[in-house]
A.B. asks: 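Before we start, here is the structure in question, set down as structure tokens.
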Amino acid sequence: MSSATLQHAAFILRGNPITAVAAAGSTLLILVGLFAPWLAPYDPIASDVANALQAPSAAHWAGTDQLGRDVFSRIIVATQLDLTIALSAVGISFVLGAVIGALCGYTGGRLDRSVGRFVDVLMAFPLFVLAMAMVAALGNRVENIVIATAIINLPFYIRFARAEVNVRRNLGWVEAARASGESHVSVVLRFLLPNVLPAMVVQMSLNLGWAIINAAGLSFIGLGVKPPTPEWGIMVAEGARFISTGKWWLVAFPGLALMLAVLCFNLLGDGLRDILDPRQRT
Amino acid sequence: MTQPLLNIENLHVTFSTRRGPVEAVRGVSLSLAEGETLGIVGESGSGKSVTGFAVTRLLESAGRISAGRITFRDREITKMTSAGLREMHGSAMAMIFQNPRGALNPIRAIGQQIADAIMAHRKISADDARGEALELLRAVKIRDPEKRMAAYPHELSGGMCQRVMIAMAISSNPALLIADEPTTGLDVTTQKVVMDLLAQIAADRGMATILITHDLGLSARYCRRVVVMEQGRLVEEAEALTLFHSPQHPYTKRLVAASPTATSRVEDLVTGDENLLAALPAAPLPTPPHGTPPLLEVRDLVKRFDDGTVGLKTFSMVLAAGESVGLVGESGSGKSTTSRMICRLLDQSEGSINFNGESISHIPARDFHRAPQRKDIQIVFQDPNDSLNPRFTAFDCIAHPLMRLAGMRNGDALRARVRECAHRVGLPADLLERFPHQLSGGQKARIGIARAIACRPRLLVLDEPTAALDVSVQAVVLQLLDKLRREDGLAFLFVSHDLNVVRMMCQRTIVLRNGEIVEQGESHALFDNPQTDYTRELVDAVPNIELIEAAVAG
Amino acid sequence: QTRAETLRYVTGASVNTLDPNIPGSTREAFAVSLSTYDRLVSFGRKQLNGKWVFDLDSIRGELAESYEVSPDGLKITFKLRKDAKFQDGSPVTAEDVKWSLDRAVTAKILGKAQLLTGSLTDASQFKAIDPLTFEVTLPKPDKLALPNLATVYPIIINSKLAKSHTTEEDPWAQAWLKDNTAGSGAYILESFKPGEQVMLKRNDDWNRGPGGKQAFFKRLILQSVPEPATRANLVEKGDVDIVIDLQASDAQSLEAKGKLQVISTPQYNAMTFISMNNQMPPFDKVDVRRAIAYALPYDDMFKAALFGRGELLTGATWADGKPPSGAFPIKQPIKLDLDKAKAYLKAAGFPDGFSTTFSFNVGQSATAEPMAALLKESLGKIGIKVDIQKLPDAQMSTQITEKKLPFFTEGIVAWLPSTDYFYRNFYTGNQRWNYSSIDNAELTSIAQEARFEADKTKYEADGVKLNAINFDQMPQVPLWQPSQDAVMAPSIAGYTYQFHRQVDYRDLSRK
Amino acid sequence: MKLASTAKRAARRFASSLPALFGVLVFTFLLMRVLPGDPAVFFASGPNAGKEEIETIRKQMGLDKPVPQQLVLYLYDVGRGNLGRSLMTGQNVTKDLKERLPASLELTFSALLIALVSAIPLGILAALRPGSLIDHGVRLFCALGVCVPTFVSGLLLIYVFYYLLGIAPDPTGRVDIFMTLPPSHTGFLLIDFLIAGDFEGWWAAFKQLILPACTMALFVIAPLARITRASMLASLGSDFVRTARSVGLSWWRIVVTYALRNAILPVITIAGIVFSTMLGANVLVEKVFSWPGVASYALDALLSSDYAPVQGFVLLMAFVFVIVNLVVDVLYGIADPRISIG
Ligand SMILES: Nc1ncnc2c1ncn2[C@@H]1O[C@H](COP(=O)(O)OP(=O)(O)OP(=O)(O)O)[C@@H](O)[C@H]1O
Ligand SMILES: Nc1ncnc2c1ncn2[C@@H]1O[C@H](COP(=O)(O)OP(=O)(O)OP(=O)(O)O)[C@@H](O)[C@H]1O
Ligand SMILES: [Mg+2]
Ligand SMILES: [Mg+2]
């Protein structure tokens with residue numbers, strides 16, 4: 001990043017305190033994710049049934065769950081897994097989508113049409129149901145949740161990358177690269193892709209939150225990660241069923257964590273868009 | 001003299017940006033009488049448009065009038081309320097913009113748009129308004145006005161859109177019409193028609209006009225009085241012809257010199273120290289030894305696109321080493337298509353291209369990057385802004401072909417070579433580390449040229465290399481190109497729609513229309529004595545100082 | 001009719017067919033068929049720990065006014081009620097009974113497999129003597145024959161009506177009966193939206209309720225509400241009269257609030273267990289199975305998963321190590337004892353433990369998940385690494401049938417809860433319900449013998465033997481009998497825990 | 001002429017999406033076969049369900065044949081409009097879907113309507129004052145909407161409005177169970193009640209609908225408001241708005257007729273995408289509100305490996321997707337005169 005971009009970012013952040021907060025929040029999340037095992041006051045999976053379903057107290061800030069596990073510790077530790085799920089799911093669709101989309105957008109022709117068909121088929125699927133089916137088919141392991149989430153995201157990235165590359169493919173500098181002896185493939189990968197990345201990064205950060213929510217939805221219908229691994233979606237989904245019995249902390253705290261994460265990513269994405277949008281560059 | 005229609009006193013306009021406030025206009029004073037025509041000329045960024053927007057108070061929200069007074073008749077525009085402004089817009093003063101197509105609402109029928117403008121100022125029924133709109137369309141000489149009423153902007157040509165724009169602007173008979181580069185982006189031939197119409201309407205209705213343009217010729221032709229702006233200031237104000245013949249301010253002098261005319265030579269474009277060609281001998285005429293094949297030989301080139309459009313119907317040409325050939329024609333005539341095929345960036349549908357006696361047309365564009373001729377044929381693009389990879393520094397841009405085509409590795413040799421190229425195109429070495437957005441248009445154009453010549457090609461295809469540049473920058477670039485050609489014996493295929501430029505730069509010219517060659521020949525002869533109507537139209541459309549003088553005198 | 005005369009009932013699953021015999025019918029469908037159709041006989045009821053439950057040993061007439069078992073036990077003669085009418089007004093005759101039972105044992109429907117457990121296998125066993133007399137012949141005396149006729153499958157269908165809807169491929173009118181009723185039951189179908197709701201109105205001619213009366217409620221509304229918390233809300237707000245399948249936590253909190261009637265009956269004919277595949281290493285070693293049995297934190301699991309609602313099946317003390325009774329399910333003398341578990345593991349040749357996968361049904365998550373977490377934690381302490389796997393229901397049942405799961409939790413229910421029935425169906429043979437795939441010759445032969453054992457003391461002795469083998473082999477670890485928590489408005493009376501673990505609407509009334 | 005060209009374009013679009021439908025069909029078919037669960041085993045769940053019973057069901061479902069043959073048979077059936085039979089409900093899938101689709105559509109339409117009605121003004125407000133407090137407020141509000149999973153917001157809404165406050169009716173479907181249903185014309189209860197002139201019924205159905213619809217709407221306000229803001233900003237900054245100002249049009253005219261009408265075009269596209277994703281993602285909301293829609297139906301079928309309903313559902317959704325795209329196209333074609341050219 002050049003200093004001008006940084007300067008511009010700083011300018012936007014100043015005018016956009018929400019983005020600054022979101023950026024700080026996201027950083028915090030990632031830090032928590034990295035250092036979770038040291039931050040959690042209790043073992044997140046050690047049960048203590050005698051102390052089950054305790055309301056929040058000084059000892060257990062966010063109360064305890066059905067098995068007497070410390071909800072706060074579970075939330076902290078879950079950060080890691082949730083961020084991993086979100087980042088890797090979005091990362092996979094991002095990389096695949098960008099490459100496939102860019103190649104299609106650049107070459108056009110038969111490849112473009114057949115990939116377009118494939119994307120049409122994917123898009124015509126009820127995506128959440130597709131994700132469910134895939135997790136059901138492959139088993140509810142973290143990898144599979146990630147894969148399912150990535151696949152249902154893929155068409156959007158392909159389209160996005162395709163469109164972005166398509167508008168650029170006849171720009172002077174692209175042709176110049178070819179006139180300078182680059183092959184088509186390397187023009188796409190080394191020239192066009194880096195230039196569409198920023199716009200896609202925006203998409204990505206908006207999608208991070210969505211991926212977490214998606215995983216939570218899967219958990220709700222029983223296809224989330226396997227117990228006893230702490231994960232926000234599962235905790236929320238389980239906690240939600242305790243709403244009517246007054247055990248509010250079971251849903252409130254993990255829900256809050258999930259909300260904060262999604263909120264941060266969304267606001268960050270919004271802010272990044274502003275930073276990268278030339279319209280805003282005054 | 002009676003009270004002026006418009007009076008601007010010491011106008012200052014400031015924009016707030018992330019780098020702090022930017023003063024775009026710094027103390028402009030002007031006045032304009034009823035019915036008078038005034039030209040504002042100056043290079044890009046000199047504050048012409050901002051002045052126009054300040055007068056109409058149409059500045060975008062980041063900008064504000066930080067000082068000065070603008071009075072229109074008796075009313076002080078600078079102090080008007082938004083209701084007052086709305087009242088004044090259209091009925092007292094109206095504006096015409098560059099890029100007429102964008103300036104019209106794309107999803108509203110044009111008749112409706114004109115009617116909207118009418119009804120904004122008069123309480124008349126929608127039907128009456130439409131009736132008047134129709135009259136206006138007649139007044140701007142649109143063919144089949146009844147039918148066009150229901151048309152949408154995309155269904156009209158650029159010139160027609162500009163007429164609609166003019167109709168809207170005059171719909172409430174404003175006393176002042178501000179035209180901000182009304183013909184840039186239009187075809188050379190259309191330019192003239194639109195300008196003539198505008199001038200005539202203004203004269204008929206007694207409207208005062210301000211014509212904002214960067215084209216000195218244009219302002220000289222249509223305005224009696226011209227002001228010159230540089231960096232937000234007025235530097236000179238004079239009668240048009242006076243300004244042309246005896247410019248006073250150094251800036252004006254440079255501007256006048258840099259504007260190519262029918263008689264100017266590349267050597268004359270730039271005065272003073274900067275003149276690159278002053279020290280050079282005249283162009284060595286290429287005299288290839290007998291029997292050598294021409295450098296480039298194109299035969300029966302045809303291009304049909306996937307969607308069925310025919311980009312090029314048929315095209316043949318021969319280009320000798322060191323020769324420079326111009327390719328002119330209106331927009332969409334197939335100039336770029338031709339040049340991209342010759343550069344092997346695009347596959348032809350039919351026809352052959354021989355380079356230096358060897359066929360290169362059988363190598364598909366996809367594989368041409370591996371062909372030995374790749375480094376011999378290079379291209380310079382039209383828009384310097386989009387011809388550089390935003391993520392490459394100037395250095396990377398120039399080094400890239402050297403690494404790919406000349407097989408140079410990162411290292412001192414490469415660095416030296418890049419420096420040398422930069423030096424040859426007059427690019428200061430300290431700019432090499434900058435990214436495109438940190439460079440000016442002229443500098444970007446130089447990098448584009450440096451990149452193209454880095455591998456010492458033998459043929460350089462130039463696709464409107466200066467179309468997006470200011471005249472003074474254009475002058476420098478043209479000189480630079482000419483110098484390189486003379487020094488290296490480069491051959492040029494020079495694509496442009498500016499006939500004056502082609503005449504200067506090229507020995508021969510090919511005129512293209514709808515993908516076909518309509519005329520070709522030695523440049524001067526061709527333009528002095530065009531054989532076809534089309535070429536004649538092209539030539540006539542170019543604002544020509546000598547002819548204006550003749551007209552004024554006569 | 002007024003709201004007070006309407007019974008509104010919500011369930012998690014939904015009614016999917018009106019004929020309980022259709023493969024895939026849900027328990028909710030069974031409950032509906034119980035009130036739209038009559039059977040020949042029905043179960044009586046008894047009190048168990050102060051709660052009313054169905055009684056396998058007292059069979060009373062439903063369509064049959066009376067029945068008589070021949071002294072050799074090979075012939076059962078039913079006298080049909082004279083006043084019994086189908087809902088279209090035609091009288092119920094022995095011909096209808098014959099057709100219906102023929103259908104139950106001949107057509108490819110669920111009844112077939114069930115009735116075979118009562119030696120009812122062939123149409124030739126059924127005979128209509130006269131319009132009001134019907135006779136069933138058995139190849140051997142079978143004490144489950146009569147109770148089988150009280151289950152949900154052998155419904156008595158209006159044969160004339162049904163026959164008018166048969167086709168060549170469908171001689172038993174299965175297609176038609178799936179969406180239509182042709183019974184003589186206490187309720188008449190008003191509307192049926194599969195998967196959503198069923199509305200029934202009272203059959204005023206029906207008089208087979210307690211004291212020869214009609215059913216109490218004039219109208220029944222059954223709705224499916226998938227979200228358990230919502231079901232709890234609904235009954236608490238009084239919008240719904242009765243709910244049985246609540247989460248344990250909701251039942252507990254509703255009980256604590258004391259506004260509603262909560263009748264919790266341990267499902268004495270059911271059992272939840274942890275099963276091991278006895279044919280699959282390492283669980284083919286009996287010591288491994290025993291080690292597991294002593295390594296589970298039963299009390300914690302019971303508390304966390306069921307909130308202590310139900311009956312634990314562990315923690316008993318068997319004097320002299322013998323089973324105190326021949327009943328099944330029986331409380332086992334096992335408890336958490338990690339040292340013992342470690343010793344068994346060592347004896348089995350796994351001193352350092354091993355790794356395995358523990359599976360459960362997605363549908364069971366609410367209880368299975370906490371249980372699995374505790375299991376994993378506790379087994380971890382003796383070196384057994386457990387990977388928990390949550391399977392969608394269809395996958396779970398497929399893998400169980402294919403005997404591919406090494407280690408999992410499931411539950412079983414016996415409609416006819418006698419010891420031999422349990423052992424024969426769930427611990428013998430290479431069939432789906434033999435969850436642990438146990439193949440023990442002794443157990444099999446005793447169970448088969450006990451089936452036809454008429455002598456009560458001998459039968460009891462067989463039961464004790466079976467229980468002893470079961471404990472010794474530990475094919476699976478019994479956990480508990482969950483309780484059926486029926487939560488209802490205080491005004492509702494007459495609730496009985498039924499064999500099919502659903503509400504028999506005909507019993508209910510409003511005070 | 002305009003209409004004809006729009007219709008022609010729509011027809012062409014439709015024809016070109018047929019391969020995609022076919023792809024969806026085949027893909028779902030195969031996906032279902034990959035599911036490890038065996039429906040026959042699952043549904044043969046009576047006590048003592050033996051091999052024979054499993055075989056019966058297998059035969060009934062046609063699972064005894066090799067997969068390619070099954071596929072051909074299935075395609076043949078689909079071609080005749082027969083989507084097979086659901087084991088779960090015991091009904092024809094076509095019938096089930098026909099009964100349930102209006103419920104899902106009504107819910108989704110209402111949700112989309114609520115979302116559009118709130119998102120567009122919010123987006124416009126934000127665009128009129130970019131960078132202002134309003135702008136930030138709108139952003140925050142929208143982001144808040146997307147950051148709560150629908151099942152949580154749904155359960156919370158039920159808890160608050162039904163359980164605590166008692167304003168909302170019990171969340172058990174489309175209309176109060178004690179209400180008599182209107183004769184079905186459209187399957188959309190709100191419309192059917194209106195046709196029947198039963199306003200009390202309409203109100204009851206409306207009350208049932210409002211919570212689930214809001215739950216869903218909350219989730220999609222953000223993308224809609226975001227695109228509204230962006231395109232509104234773009235069109236407010238465009239040259240033609242400047243032109244409109246330069247001839248003195250009124251503020252209202254400029255914002256509504258000039259800026260908004262242009263800005264709405266991308267919103268239509270996004271709304272189309274949002275609509276089809278919502279239909280598929282209904283699952284959770286339908287579950288939470290016991291809404292008898294297609295998505296929850298498909299979910300249950302999926303978990304029990306009931307092939308036919310899942311396949312039917314996916315096909316239906318793909319079809320709806322195609323239709324929605326067509327509608328978007330047509331709307332776009334009507335709203336944007338530039339389209340008919342291409
Ligand atoms: N919105 C803005 N924010 C900041 N600076 C601006 C803005 N608009 C214009 N400027 C600055 O004002 C100066 C004058 O701009 P203006 O558009 O009047 O130039 P011009 O003479 O019309 O040039 P051109 O021939 O390119 O149209 C330029 O330096 C430009 O950078
Ligand atoms: N990729 C393409 N697909 C289809 N048609 C094309 C394509 N590129 C160019 N054309 C068409 O080919 C014709 C010639 O285009 P070309 O770009 O060569 O014109 P030009 O003379 O360079 O015009 P300008 O002066 O505007 O640059 C035009 O009608 C154009 O619309
Ligand atoms: Mg300008
Ligand atoms: Mg061109």
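By convention in this document, chain letters (A, B, ...) are assigned in the order of the sequence lines, proteins followed by strands, and residues within each chain are numbered from 1.
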A.B. asks: So which part of B/Phe15 gets closer than 4.5 Å to some heavy atom of chain A, the side chain, the backbone, both or neither?
C.D. replies: neither
A.B. asks: To the nearest 0.5 angstrom, please state how far the CZ atom of B/Arg391 sits from the CG atom of A/Leu193.
C.D. replies: 11.0 Å
A.B. asks: Which bit of B/Arg370 is near chain A, if near means a heavy-atom gap under 4.5 Å: side chain, backbone, both or neither?
C.D. replies: neither
A.B. asks: Start with the C-alpha distance between B/Ile379 and A/Glu175, add both sets of side-chain angles, then the distance that settles side-chain contact (heavy atoms from CB on, under 4.5 Å), and finish with yes or no.
C.D. replies: CA-CA 9 Å; B/Ile379 182 164; A/Glu175 303 233 292; 5.5 Å; no
A.B. asks: I need the minimum non-hydrogen distance between B/His369 and A/Glu182, along with the two atoms involved.
C.D. replies: CB-O, 3.6 Å
A.B. asks: Rounded to the nearest 0.5 Å, how far apart are CG of B/Leu388 and CG of A/Leu171?
C.D. replies: 11.0 Å
A.B. asks: CG of B/Asp367 to NE2 of A/His184: how many Å apart, nearest 0.5 Å?
C.D. replies: 7.5 Å
A.B. asks: Check whether any side-chain N or O of B/Arg374 sits under 3.5 Å from a backbone N or O of A/Ala179 as a donor-acceptor pair, and report yes or no.
C.D. replies: yes
A.B. asks: Is it the backbone or the side chain of B/Leu345 that comes under 4.5 Å from a heavy atom of chain A, or both, or neither?
C.D. replies: both
A.B. asks: Determine whether more than 12 heavy atoms belonging to other residues, nucleotides or ligands lie under 6.0 Å from atom CZ of B/Arg419.
C.D. replies: no
A.B. asks: Does the side-chain contact (heavy atoms from CB on, under 4.5 Å) test come out yes or no for B/Phe381 and A/Trp173, once each step is laid out?
C.D. replies: CA-CA 8 Å; B/Phe381 294 93; A/Trp173 56 266; over 6 Å; no
A.B. asks: Shortest non-hydrogen contact from B/His400 to A/Ser180?
C.D. replies: ND1-CB, 3.6 Å
A.B. asks: Measure the CZ-CZ distance between A/Arg178 and B/Arg340 for me, rounded to the nearest 0.5 Å.
C.D. replies: 7.0 Å
A.B. asks: Look at atom CZ of A/Phe35 and say whether more than 12 heavy atoms of other residues, nucleotides or ligands are closer to it than 6.0 Å.
C.D. replies: no
